[in-house]
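Below, chain A is the first sequence line, B the second, and so on; all start at residue 1.
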Amino acid sequence: MNTPRLEVRAVSKTFTVKLHKIHALKDVSLDLRKGECHAVVGESGSGKSTLGKVILGLLSPDEGMVLFDGKPVPTRRTLPMKRSIQLVQQNPLSTLNPKRTVSASVIQALKIHHPDLNRAEILVRFEEVMGEVRMPMDLADRYPSELSGGQRQRIAIARALACDPEIIVLDEPTSALDVLVQDQLLRLLSELRQRKQLSYVFITHDLGVVRQLADRVSVFQRGEIVETAPTQDLFDNPQTAYCRELLSSVPVVSEEDLKFISNLHAKT
Amino acid sequence: MKIIGSAARTAYMLGVSALCLGGVLSTTVTPAFANEDRYVRIDEKPSGEIDPHKARDFADSILIENLYDTLVVPAGGSSVGPHLATGWTTDGNSVVFELRDDVTFHTGNKMTAADVVYSFNRMRDMGLGRSFVLGSQIGEAVAEGDYTVRFTMNEPFAPFLAAMSQVPIVDSALVEQHVTNGDFASEWLSENDAGSGAYQLVSHKPQEETVMERFDGYFLGVPEQAPDGMRFRYGLAAPTVRTLLETAGHDISSPWLPPEVLVELSQGENTKILAVPATTQMFFKLNTQRAPLDDVHCRRALSYALDYEAVRSVMKVAEGINAASPSNGPIPKGLMGNDPSVADFGQDLERAKEELAQCKYAPADYTLEVAWISGIAFEERFALLMQANFGQLGFNVEIVSTPWAKFAELVTDPAVNPHVNQVMASPVTPDTDSLLYNSYHSSRAGTWQSAEWLDDAEVDRMLDEARGASDPAVREQIYRDLSARIVELAPTIFPYNLMTVFGANNRISAPRLEDPAQTLPAISSNFAVRKMVLRD
Amino acid sequence: MRNSALQSMMSRIYASQLTQRLVQSVFVLFGVSALIFFIARVIPGDPARLALGPNASPEQVASLREQLNLDEPALTQYFLFLRDLFHGDLGISLYSGRPVVRDILEQLPATVELVLFSAVIMIVAGVVIGAVATRYQNRAADYIIRVLSLAGIVVPSFVWAIVLMLILAFWLDLLPIAGRLSQGMEPPRHITGLYTVDALLTGNIPVFFDAIYHIALPAFALSIASISQESRLMRASLVETMSAPFIETARAYGRTESWIIRKWAMRPALVPALTVVGLDIASKIGNAFLIEAVFAWPGIARYGVEVILFKDLNAIIGTVLVISLAFILINIIVDFLVGLVYPKIRLQGATDV
Amino acid sequence: MSSQVKVFRAMPQSFTAGVFRNPLFLSGFVIATIVVLVAVFAPFVAPYPEHAGPFVDFGNVRTPPSAQHWLGTDLVGRDVLSRVIFGFRQSLLMAVVVLGLSVPFGVTLGIVAAYFRGFTEIAIMRVTDVFLSIPSLVLAMAVLGVLPPSMLNAMLAVSVTWWPWFTRLAYNVARAVVSEDFITASKVVGASHSAILIRDVFPNCLPTILTKMANDVGFIILVASSLSFLGLGLKPPTPDLGSMVASGANLLPGSWWLTLGPAMAIVVAVMGFALMGDGLRDELDKAKK
């Protein structure tokens with residue numbers, strides 16, 4: 001059964017900034033199977049986000065290609081193709097258009113991918129999606145500035161879900177949130193993955209999060225993948241020096257710690 | 001306040017020192033230049049042309065008047081008197097001028113017959129400026145000795161002598177040196193003078209000022225009390241001129257000041273007005289080729305509809321003095337053929353409506369374009385008046401303001417030439433011909449002077465006849481008949497005869513601009529600076 | 001990277017950026033020349049007829065048309081024009097009958113001098129007034145200054161010119177209102193064409209003061225609107241700077257507001273105010289016509305409007321080109337100077353091509 | 001529950017409330033409102049509405065201010081106050097049309113350039129530079145020199161000089177907006193370019209554009225009056241504040257009322273809108289912080 005849904009094949013990408021060539025991606029390959037969460041870790045600037053953009057079709061690679069269901073993805077993606085791969089970004093402050101209510105942002109996505117639905121049906125779908133991300137409907141006609149960071153990220157997820165995607169690129173979705181909210185969001189993501197058989201490309205520099213969520217991990221250094229392995233293997237037995245260094249710097253937050261923190265919150 | 005103390009202190013100091021400086025300068029710097037005080041300062045429209053054979057408008061003609069001389073000069077009425085020529089004889093088909101032998105150019109060269117021939121040919125061959133006064137009837141000019149010139153005629157040309165008063169004589173030897181590529185030395189002459197006039201050029205900046213100084217070798221001499229020079233300034237705004245006149249920073253204004261300013265100047269302590277009862281007339285020229293004014297009845301209707309009294313009321317320039325007086329039709333007072341009995345034009349709406357009823361056009365179908373020359377402020381009021389008056393007949397009137405240069409171009413095409421054009425004109429030469437021929441002969445149509453585009457065989461015949469007739473009495477009669485014919489055809493509305501009025505500082509007196517007895521009909525002749533008197 | 005290496009890289013970027021700007025402005029100038037050439041070409045009316053006057057014969061008009069290439073297709077005319085332009089030839093002005101280049105060279109210095117003086121007045125007064133407004137931010141003095149500076153902007157400059165002339169020249173008779181020098185004052189030997197500068201260079205002190213005495217009123221009238229503009233900008237930029245963290249630090253040290261404004265906030269705040277100086281100077285060239293008309297200042301702005309009304313093709317193109325060239329150069333120079341004064345801008349600029 | 005969802009809602013209310021507490025904006029708003037009302041109801045407000053049309057009364061010229069004519073009469077006997085009131089109409093119409101032509105055009109080009117980058121950006125911004133490299137008064141004069149004088153052509157001429165400023169402003173603001181994450185999000189969601197431009201880019205540029213527009217109403221009146229002063233104004237007898245000042249200025253100081261009335265009218269109108277713009281900008285700056 002498990003042929004990859006998404007394959008990145010030997011992709012390279014360079015940028016020219018002030019006459020200097022920067023290799024953002026060097027010969028990067030990666031597979032993603034249905035329902036799998038593939039984490040991409042590395043320091044900032046190591047090319048993780050560029051990979052995300054290539055997968056999403058926001059950048060076209062200089063060399064190599066992206067395959068979806070075994071077929072090469074054309075440069076100009078069709079609407080169903082766009083629908084299949086969605087994105088949740090890092091910064092909750094700017095991921096939503098501040099001049100639109102959150103309902104408008106989500107409903108836009110619904111309308112684009114469900115042109116045949118009428119207004120009432122759209123609203124029904126909207127309520128469903130809001131329910132899936134546990135957002136109360138009375139926040140629907142708020143502006144992003146009137147919501148908390150976590151709420152905004154939920155809306156961003158809702159917008160992605162509205163498209164009925166198969167794959168979601170999660171570009172550091174929790175790094176700007178405090179630990180508690182981060183945890184809630186990760187639980188939500190994990191639950192959604194199981195329920196909807198979603199595949200995630202999880203871009204992060206936070207190995208703690210990786211351990212919690214990812215099935216497999218690719219480690220990035222200066223545009224190259226230095227190691228790809230199942231999560232447990234990587235944590236137990238890192239193959240490269242770079243990975244070992246990376247792992248040694250991870251602060252470990254245990255389940256007990258989290259419980260302790262949420263209790264604190266509950267009391268105050 | 002101590003916050004930005006130092007900055008404020010600096011600003012304060014700057015202000016104080018500027019004021020001190022101003023005070024010191026105004027008392028010390030200004031009066032240090034004695035001889036410049038004896039320059040007369042005159043202003044005009046934006047730019048001036050000093051090539052004598054390219055000069056064409058009023059401003060240019062003042063410059064040429066002072067830099068150059070002509071064979072003959074206007075001498076009152078329609079006559080001309082001797083100037084560079086001591087006299088002339090008419091001999092069959094030619095005119096022979098005897099020249100003075102004591103005239104030197106500013107270079108020191110003697111003026112001879114060769115210069116006269118050269119100048120005439122240059123003016124005619126270039127065909128610019130005022131060369132239109134030289135009818136095709138004039139044949140060629142030949143030097144018959146150092147001080148004798150013969151002009152032969154192809155056909156009789158009565159206005160010949162008057163026309164010669166507009167042909168400035170240049171120093172041919174000097175001009176020849178500067179000819180390049182057969183350009184008649186026109187580039188050089190646009191910046192230098194080659195004349196014999198009472199004043200010679202010091203500097204010429206066409207958009208700033210032209211300065212000239214007394215020429216001591218002038219053959220008629222320049223009186224001691226005449227200004228030592230002239231500063232001819234271009235493009236000063238009315239409030240500036242007005243202020244300068246008050247503060248003795250200026251002497252004579254252009255004639256385009258608003259009448260209200262002239263009224264104030266006439267009452268000023270240091271100022272006065274100069275009024276020249278010259279042969280200038282205001283013409284409202286109707287485009288006779290453009291519907292609905294190609295119908296004589298519509299034209300007459302407009303003539304009767306105009307409120308002449310109101311037009312003239314605008315031109316009050318001093319207590320009890322109105323620059324405008326009722327007109328006698330196409331020929332202004334003081335020119336041959338003027339007929340005081342020609343109707344005193346007045347508003348008569350009844351007759352206007354009668355004429356309109358006979359017109360084949362319905363006024364409501366047409367929008368009349370009434371033009372005025374931007375810069376001549378009072379013309380806008382006439383346009384507004386016409387809009388109201390013609391509106392009473394049911395015409396829709398649109399007012400367009402055009403700069404003079406653009407207007408001169410618009411009139412070349414009868415399809416776009418406005419229906420009504422306001423033009424002030426005076427005869428270029430003292431001869432009636434120079435005014436009427438260039439306004440009404442069908443061969444002349446399409447210039448600013450002939451914005452009417454009149455095409456009438458009868459008028460053409462009379463104009464040609466008057467050119468050929470040599471007997472003044474016959475010419476007088478022809479022009480009177482012509483005048484009646486033109487009034488009947490109504491190509492033009494004649495709102496008023498005009499005194500040309502200038503604001504002036506009290507220190508200048510210009511007899512030709514003030515004393516009707518000394519005033520000459522060609523208006524620029526009155527700007528001979530050597531005839532002015534400057535009080536210290 | 002070491003500091004010196006960083007600096008050398010910065011200055012390389014800066015230099016390449018400057019060259020880039022210069023190259024770009026050449027293209028912009030081509031654009032301006034094309035734009036104005038084609039605008040001038042659609043002016044209805046026959047320039048040849050205009051030049052020769054209404055009494056010229058059709059043959060004369062036709063021959064001049066040929067001489068001026070008026071019968072060629074517009075594009076050919078434009079290329080012929082460019083060819084001549086490279087030879088420093090803008091043709092003959094129909095309005096003055098002289099080479100356009102000569103007319104412009106004669107008129108330009110007067111305007112440059114006028115604009116320069118009013119720019120100096122503008123910068124000094126604008127900065128001082130802006131600083132005062134900031135000091136008293138959101139208090140009565142601030143609002144009064146802001147309303148007054150608005151008045152400076154909303155009263156048309158020709159009205160200012162007339163009002164100043166009435167008061168200072170007509171009623172008080174303090175300052176002259178026409179010309180660049182008193183009558184009889186010989187202009188100084190031509191070096192730059194700016195009378196004040198030439199007089200200083202030739203050591204002719206009376207002429208220097210006389211020139212200043214004459215330029216004072218027009219330059220002030222021309223600067224009023226931009227003083228107001230500049231002081232508003234200065235205020236806005238100072239207010240912004242005053243809320244920056246490093247100013248908070250200074251406050252924490254107990255410095256007075258005035259000290260902070262002068263010593264700390266002024267320099268960074270000057271940058272945005274100075275960058276618009278270029279734009280302001282350009283708008284002055286336009287406003288200069290209004291001023292030059294009232295004060296009989298023989299400059300290029302007045303010339304420009306005359307030739308537009310006269311439909312003098314060559315002169316219109318020449319004037320607009322020169323004015324645009326001046327505008328572009330001024331902006332580059334201002335940017336360059338700002339870069340020198342405050343190097344941080346360079347890097348921001350570098351990423352903001 | 002779902003019926004409560006409003007797809008559109010105005011700007012956050014705190015901003016609107018803040019604007020109306022700003023004294024600059026408030027005073028400008030009051031002045032501008034009065035000017036607009038006077039202009040709209042000119043025929044009812046003006047004491048002699050017929051004096052705005054083809055009317056002359058040479059028996060009653062140049063009378064100083066009096067009970068019948070609060071601002072005196074002009075050179076052909078028309079009531080100056082009435083003409084000033086109708087002059088507001090022309091000025092506002094001018095401003096509205098110029099903004100109506102140049103803002104959509106300029107802003108569209110600006111955000112398109114910022115969004116698409118590449119050749120589109122270079123082409124648009126260089127052409128804009130060309131227009132910005134000619135001082136606007138000079139450019140407007142050149143254009144008006146080409147066209148015959150009429151209300152519409154005057155508007156066209158000013159618009160030709162006005163749009164590049166909006167292009168540049170919109171471009172600068174939009175460049176910042178375009179780099180925001182929500183634009184990427186919209187692209188990923190599959191929104192079309194036009195939808196992104198209209199829904200995402202434009203609304204986020206709008207406050208800055210509106211602020212400039214408020215200011216510009218006044219400045220357009222100013223530029224138009226400068227053009228009129230140079231003799232490139234509207235066709236008489238249409239009341240035109242700039243030409244009224246210009247023709248009156250020739251008669252200063254004697255007939256001061258001919259200049260004072262229209263000059264004050266320009267000042268008041270420009271002031272009102274400029275104050276509004278100032279206040280808006282203040283609030284905008286606060287909102288950004």
For this session: State, with a plain yes or no, whether a side-chain heavy atom of A:Asn91 is found less than 4.5 Å away from one of D:Glu180.
Result: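 No - every pair of side-chain heavy atoms lies 4.5 Å or more apart.
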Exercise. Do you know which of A:Arg77, A:Gln89, A:Lys82 has the most heavy-atom pairs with chain D at a distance under 4.5 angstrom?
Worked result: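 Top count of heavy-atom pairs under 4.5 Å with chain D: A:Gln89.
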Exercise. Taking every heavy-atom pair that is under 4.5 Å apart, which of A:Gln86, A:Arg83, A:Gln90, A:His113 has the most such pairs with chain D?
Worked result: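 So the answer, after comparing A:Gln86, A:Arg83, A:Gln90, A:His113, is A:Gln86.
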Exceeds 12 heavy-atom contacts within 6.0 angstrom, atom [atom1] of [X]:
{"X": "D:Lys212", "atom1": "NZ", "answer": "yes"}
{"X": "D:Arg168", "atom1": "CZ", "answer": "no"}
{"X": "A:Arg195", "atom1": "CZ", "answer": "yes"}
{"X": "D:Phe116", "atom1": "CZ", "answer": "yes"}

Enter the distance from [X]:[atom1] to [Y]:[atom2] here, rounded to the nearest 0.5 Å.
{"X": "A:Ser105", "Y": "D:Asp200", "atom1": "OG", "atom2": "CG", "value": "7.0 Å"}
{"X": "D:Asp181", "Y": "A:Asn97", "atom1": "CG", "atom2": "CG", "value": "12.0 Å"}
{"X": "D:Phe182", "Y": "A:Arg152", "atom1": "CZ", "atom2": "CZ", "value": "12.5 Å"}
{"X": "A:Arg100", "Y": "D:Asn204", "atom1": "CZ", "atom2": "CG", "value": "10.0 Å"}

Problem set entry | Side chain, backbone, both or neither of A:Leu93 within contact of chain D (heavy atoms, under 4.5 Å) |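 No part of A:Leu93 comes within 4.5 Å of chain D.
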Exercise. So what's closer than 4.5 Å to chain D heavy atoms on A:Leu87: side chain, backbone, both or neither?
Worked result: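 Both the backbone and the side chain of A:Leu87 come within 4.5 Å of chain D.
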Problem set entry | Which portion of D:Ser186 sits near chain A, non-hydrogen atoms under 4.5 angstrom |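 For D:Ser186, the side chain is the part near chain A, not the backbone.
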Problem set entry | Heavy-atom closest contact (D:Gly190 atom, A:Leu79 atom, distance) |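 Reported closest heavy-atom pair: O-CD1, 3.7 Å.
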Exercise. D:Ile183, D:Val188, D:Val177, D:Thr184: which one forms the most heavy-atom pairs within less than 4.5 Å of chain A?
Worked result: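 Ranked by heavy-atom pairs under 4.5 Å with chain A, first place is D:Val188.
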